Amino acid sequence: MTTTIKSFLQFLRNDHLCKLTPSSVLRVVFGNEAADFDSVASTLTYAYCSYQKDPQNPLVPIINIPRTELPLRRDIVRSLSRLNITEDLLFFNEEFKHYKTLCGTINAVLVDHNEVEVNSKELVNAVTGIIDHHKDQKLHLEAHPRIVQNTGSCSSLVFNYWYNAILRSKPEVFREVALLSMGAALLDTSNFKYKVEAPDLEALKYYESILSDIDREKYYSQLKSDKDDLEGMHVKDIFRKDYKEFTFVQDHQKIKVGIASVGKSLEWLGKQCKTVDEFNLECIETQKGRVVDIFVLMTAWQDNNEFKREILVVSPIKDYSENIINRVSSELKLKNTNQ
Ligand SMILES: [Mn+2]
């Protein structure tokens, strides 16, 4: 029996996945397509704990992004490397699609979301389990477990579920699972200060006994600075790091909007480019490359102790940008920064 997440991932790649045949049922677990720390921690810990309980039926943890996007998430990369887990040991969208061609059926457990997203729909035959903290879409009601509850972090629900199922009796597998799960909760609740719900506190009680040697405040500031560390990254990549798309319908016309959220100011982002023109060009390139009608860049950062936000709207359609800014200006109390 493997005792580290690393050796579990090696077993999957070198043994379990080599045995796939067209009649196999592949079992996977994956998080939402933003693939933040919470999604990745929930995915890995769920698969690992499930294997401890039922080694005959392993679940493959899939990180729901292309492999090339992992390095943009420095909080995840650095935390995993502290557990000796390197990128080559992980499974991404590419592998997910590849395995689908090798086996007959894919059964999935969803963590950190409760509805299969468009891009994964054709890969998944059945949803067999759900643990999530988003709004319940009331789908897959037969899934087991099916836990959808409001919490700061999905990892708290995953941890509590497995703690009660097996971890209680297997202290040797605790530590890595607790480190990742608590890491997600620290980031999602700003060290248990905001959005904290009862399941987060229940998990925290276990973390404190398992990780009694860990300075929580220090661990949190490490994770936070890793997450906010965009140094040396190209703005093009920064726009990809936390990107979501929405489609709205107005006057029977579909409008596709892409929103990139960044934890730095426009001024900081501008300095990453040689000139203002170059920065503007990157924004326009992103809008064109993503084929969206409107590209919105939202920044949010801490200036001394003051929380600040900016919004930048790019659209090739006449008057769109001005109209949007004019509409939201008073509601959001916007000031023009003339950038
Ligand atoms: Mn989450």
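In listed order, ligands and their atoms are each counted from 1. As a basis for the values below, the full set of heavy atoms in this structure was taken, side chains included, without hydrogen atoms, waters or symmetry mates. Since the model is a prediction, treat every value here as computed from it, not as a measurement.
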Taking both backbone and side chain into account, is any N, O or S atom of Asp112 nearer than 2.8 Å to the Mn ion (ligand 1)?
yes
In terms of side-chain heavy atoms, does Thr21 have a donor or acceptor partner in Ser24 at a distance below 3.5 Å?
yes
N/O/S atom name from Asp38 that is nearest to the position of the Mn ion (ligand 1)
OD2
Taking only Lys NZ, Arg NE, NH1 and NH2, and the carboxylate oxygens of Asp or Glu, determine whether Asp229 and Arg74 approach each other closer than 4.0 Å.
yes
Between the Mn ion (ligand 1) and His134, is there an N, O or S atom separated by less than 2.8 Å?
no
Is it true that Lys244 and Asp242 have a side-chain N and a carboxylate O under 4.0 angstrom from each other?
yes
Straight-line distance of Asn57 CG to His16 NE2, nearest 0.5 Å
8.5 Å
So, of the N/O/S atoms that His133 has, which is the nearest one to the Mn ion (ligand 1)?
NE2
